[in-house]
Amino acid sequence: MKFIILPFIFIALLITLASINETQFNHLSNFRKCTTSSSSSNNSISILPIKSPENDIRILLGIPTLPDHYDRRHFLRLIYGTQSVSGAKIDVKFVFCNLTKEDQKVLIALEIIQYNDIIILNCKENMDKGKTYTYFSSLPDMFKSDSDSDSGASNSDSGTYPPYHYVIKGDDDTYFRLQKLVETLIPLPREDLYYGYVVPCPSMDPFVNYMSGMGYLVSWDIVEWIKESEIPKGHLVGPEDKIFGEWLKEGRRGKNRFNAKWHMYNYPEPPTRCTHELWPDTVAVHLLKTQEKWIQTLKYFNVTQNLKPSKLYHIP
Ligand SMILES: *[C@@H]1O[C@H](CO)[C@@H](O)[C@H](O)[C@H]1NC(C)=O
Ligand SMILES: *[C@@H]1O[C@H](CO)[C@@H](O)[C@H](O)[C@H]1NC(C)=O
Ligand SMILES: *[C@@H]1O[C@H](CO)[C@@H](O)[C@H](O)[C@H]1NC(C)=O
Ligand SMILES: *[C@@H]1O[C@H](CO)[C@@H](O)[C@H](O)[C@H]1NC(C)=O
């Protein structure tokens with residue numbers, strides 16, 4: 001009897017395999033790509049609405065970090081990957097200079113394969129000696145949309161110009177609430193815009209002086225200007241946010257300015273002239289230097305309220 005059944009099982013298996021036709025196979029092999037970068041799932045770092053109309057705002061949120069800060073990147077992916085956004089497409093990317101260690105070449109490459117959210121600039125790691133300049137001035141070439149190059153533009157829609165309407169430099173201890181950010185951007189110009197939390201802290205005039213490094217945003221034309229102008233090239237050393245403001249002043253750029261204070265502020269404790277209470281109309285909270293501060297902030301903004309009930313877990 002066994003000798004008769006075995007061939008049947010074998011044939012059944014062959015039929016099953018054959019029925020997984022090419023279409024389905026392609027679906028299977030695309031699965032990882034879809035779930036991590038391009039689907040409309042709100043678990044993905046690339047936050048896409050279901051429909052992506054032409055007039056959606058495209059934003060690059062670049063966060064300078066160091067290659068070895070694996071845990072911080074993991075944490076921030078969790079923070080931004082769980083936010084959903086409508087009316088905009090926001091790419092969150094981590095930015096650092098040349099890798100320096102053997103293990104980084106393996107681990108960072110694996111992260112890129114998994115998340116495709118890393119930009120490696122041609123520079124040596126530094127805080128206030130031009131990394132910000134290298135970041136902004138490298139973007140136009142990285143995201144140039146000539147069809148023959150298969151460059152880093154994979155996450156932005158190739159062929160569209162500008163690749164991003166706005167580019168942000170954000171700190172890794174800043175919590176951005178992406179939907180609120182988009183709401184504040186919708187009425188603003190898409191050219192010659194400089195947006196952020198104006199320094200000094202008591203000032204409410206965005207033309208005096210510059211936007212805090214916690215997170216500032218410029219329109220794409222300013223990114224291109226930074227690449228082309230001689231002004232930033234000759235003025236690289238110093239606190240990155242301050243010299244950024246000085247470039248724009250000297251180059252007479254950023255005639256459209258938006259002071260996002262008090263949508264953006266430093267965490268309330270310890271209180272200073274730069275802090276504000278957590279409140280619903282928040283775009284960004286800065287100086288989240290401890291786990292405790294992150295947790296308080298995330299709790300305040302009810303980030304886990306959409307957790308679906310399940311028999312698989314119980315969270316009191
Ligand atoms: C492959 O499978 C899909 C989905 O089951 C089906 O729509 C399609 O017609 C099949 N293609 C071929 C060539 O059999
Ligand atoms: C960074 O790495 C690239 C490629 O490995 C190399 O060509 C370049 O000289 C390096 N730049 C610096 C500043 O070390
Ligand atoms: C968080 O949820 C509570 C309870 O539903 C609500 O009262 C509060 O306004 C929410 N906070 C924010 C910032 O949305
Ligand atoms: C996830 O996104 C879908 C649409 O893509 C939406 O219907 C759903 O409510 C979102 N879920 C959460 C938890 O935000």
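Source: prediction; values computed, not measured. Note that ligands are numbered from 1 as they come in the structure, with each ligand's atoms numbered from 1 the same way.
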I'd like to check the side-chain hydrogen bond (donor to acceptor under 3.5 Å, both in side chains) partners of E269; sequence neighbours left out, ordered by chain and number. none
Kindly write out the residues that satisfy side-chain hydrogen bond (donor to acceptor under 3.5 Å, both in side chains) with K105, not counting sequence neighbours, or none if the list is empty. E102
Assess W279 for proximity to ligand 3: is some non-hydrogen atom of it under 4.0 Å away?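 W279 does not count as a contact of ligand 3 under the 4.0 Å cut-off.
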Could you note down all residue pairs passing disulfide bond (SG atoms under 2.5 Å apart) where residues 279-316 supplies at least one of them, sequence neighbours left out? none
Residue among T275, L287, T282 satisfying side-chain contact (heavy atoms from CB on, under 4.5 Å) with Y265: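 Single pass found, and it is T282.
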Taking the six-membered ring for Trp, are [X] and [Y] ring centroids under 6.0 Å apart?
X    : Y    : answer
Y300 : W279 : no
Y267 : Y175 : no
Y210 : F244 : no

List below, pair by pair, the N or O atoms of ligand 2 and of the protein that are less than 3.5 Å apart, including the distance to 0.1 Å; reply 'none' if no pair qualifies.
residue, atom, partner, partner atom, Å
ligand 2, 2 (O), N98, OD1, 3.3
ligand 2, 2 (O), N98, ND2, 2.3
ligand 2, 11 (N), N98, ND2, 2.9
ligand 2, 11 (N), N122, OD1, 2.6
ligand 2, 14 (O), N98, ND2, 3.3

Under 3.5 Å, N or O to N or O, is N302 touching ligand 3 that way?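 Yes, since at least one N or O of N302 sits under 3.5 Å from an N or O of ligand 3.
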